[in-house]
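Comments concern the structure below.
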Protein chains: 2
Amino acid sequence: MSAKPFSSVWTRERRGGREQGLSRDQIVRAAVELLDAEGLDALSMRKLGARLGAGATSLYWHVANKDELIELVMDEVYATVVLPEAADWREATRVFAYGMRHAVFEHPWSASLIGVVPALGPNALTASDRLMGAFVRAGFEGIDVDYAMTAVVSYTLGATIPEVAFLSSLKATGKSMTELQAAVDPILMKMAADRPNLLERYRSYANEGFDPLVARRLAFEFGLTALLNGLGARLR
Amino acid sequence: MSAKPFSSVWTRERRGGREQGLSRDQIVRAAVELLDAEGLDALSMRKLGARLGAGATSLYWHVANKDELIELVMDEVYATVVLPEAADWREATRVFAYGMRHAVFEHPWSASLIGVVPALGPNALTASDRLMGAFVRAGFEGIDVDYAMTAVVSYTLGATIPEVAFLSSLKATGKSMTELQAAVDPILMKMAADRPNLLERYRSYANEGFDPLVARRLAFEFGLTALLNGLGARLR
DNA sequence: AGTCACCTCGAACAGTGTGCGAGTAGTCTC
DNA sequence: GAGACTACTCGCACACTGTTCGAGGTGACT
């Protein structure tokens, strides 16, 4: 994986032809299905071929290699990001951020790919374009448009990736959240012993009823508004 | 990879013993060296064993599996994050954010791991504790301490991961930045044709001399101050 | 001297991505 | 209708992966 990511799929000429039998779109669709159903580790060329009733190596006619395939499925994730229509830039940005978050939640396997795989596909670009529009209309000028946009995307990714990664590895164990906490808490408590701030924090979690899942959600909101406020201040 | 991440290394009892010959620390150190030198794909149990003058399967006495090994090397990355001493919370937070950024830059392979692998190691926890201290002293109260901290970490990760991933995949191609731009620009231009905001942006890049590498750096600074301003406003 | 825990490791298994070359089937040209 | 050419499929093979198992060795303690 990832030896020479440039050339990306998007920088190559697409193979034109008759498109009988297998097609690239069909392959990508099947790959997303497989990924959604069984996760990133389960995606192999052989399995994917089998799912399509084809030999594994047939895929290589339509797709240069597995890395390319992954770029393609990632762009499908960007396709599911609901794009902002709102006029107000803050509202538009929120829609985008939550849309992105939602998209990754829907395709948990994308968490370990999303910052790492080049996002030059049509859907990724369209999403960028839309978000950028919001910042332009907001009144950001010059390179600040880029900066503001990057900030929002960065925050959204950085918040979402660990959250989704955690959730899907939790799911993989089969344990419930409370079971996990019961198992991990004592160890965490011991390790927090000589880390005063962490200790204090864990203590207060124990007092209040504390659901780390909703906490994460609220944390996302908190950070997003903080960031938007900070960006807004820049406008005046 | 990543079938049942809980149990994490940190939730298991460490195997105590004589520690003759191979040791866990030794293995982890060698793994980091290998990763730094050749990247994530190059880390295999056999190669690592060979580098230590040992059989591949000998490693399995000291480490349950590769996932555990990866948790261990990740904690080494957290070990290199320089921790803030400053009293001022803004300054402390900046030190942390740039420290984290720097750590990932020094170990580019960590970019595709850092949000995804559970960070429960001693070094990760110490770093958390320190950062948390800064927010506590700043005057954040209750759960807001967590939220503020999460926001900063999220932003930092989300900004750093794609940046480092891009740089190291650029390095893997052997091409220079300008060579790459020359190759990608025409395609990007074509794709931007019906995306007005992107088009406008690319045009203005072409006018000003535009180095995407320094731009990324400035973008990080821009977003970080915006976020800190937003968080600061919350304090009053 | 014997026992036992610690530690190493070769063989083997089931899987991976992918290059190659042979083979098939549909379409286009004469 | 014959031949040529392109589009596409796919079995085989290669070099590699993580990991299990069980047999062996080696040093310390009784």
Tell me whether the side-chain N or O atoms of Ser44(B) pair up with the base of dG18(D) as donor and acceptor below 3.5 Å, since no angle test is needed here. no
Distance in angstrom units between Arg24(A) CZ and dC8(D) P, rounded: 12 Å
Is it the case that the side chain of Arg195(A) and the backbone of Pro122(B) share a donor-acceptor pair, with hydrogens and angles ignored and the cut-off at 3.5 Å? yes
Let me know the distance between CZ of Arg46(A) and C1' of dC10(D), rounded to the nearest Å. 12 Å
Write down the atom of Ala111(A), the atom of Ala165(A), and the distance for their closest heavy-atom approach. CB-N, 4.3 Å
Using a 4.0 Å heavy-atom cut-off, does Ala56(A) contact any base of the nucleic acid, only the sugar-phosphate backbone, or nothing at all? nothing
Aromatic rings Phe220(A) and Tyr155(A): how do their planes relate, parallel, tilted or perpendicular, breaks at 30° and 60°? parallel
Can you tell me the distance, in whole Å, between the OH atom of Tyr60(A) and the P atom of dA22(C)? 21 Å
Between atom NE2 in His62(A) and atom C1' in dC8(D), what is the gap in whole Å? 7 Å
Quick one: Leu59(A) CG to dT16(C) P, roughly how many Å, whole number? 13 Å
For Ala42(B) and for Gly55(A), find the nucleotide of DNA chain D with the closest heavy atom, then tell me which residue's nucleotide is more 5'. Gly55(A)
Sorted by position of nearest nucleotide on DNA chain C, 5' first, the leading residue of Lys47(A) and Thr57(A) is Lys47(A)
Closer than 4.0 Å, any side-chain N/O of Trp61(B) to the OP1 or OP2 of dC7(C)? yes
Side chains of Tyr60(A) and Glu68(A), donor plus acceptor under 3.5 Å: no
Distance, rounded to the nearest Å, where Met45(A) contributes CE and dG19(C) contributes P: 10 Å
Under 4.0 angstrom between Ser58(A) side-chain N/O and dC10(D) OP1 or OP2: yes
Length of the line joining Leu69(B):CG and dT17(D):P, which is rounded to integer Å: 14 Å
Arg51(B) atom CZ: more than 12 heavy-atom contacts under 6.0 Å: yes
Leu48(A) CG to dT18(C) P, straight-line distance once rounded to whole Å: 12 Å
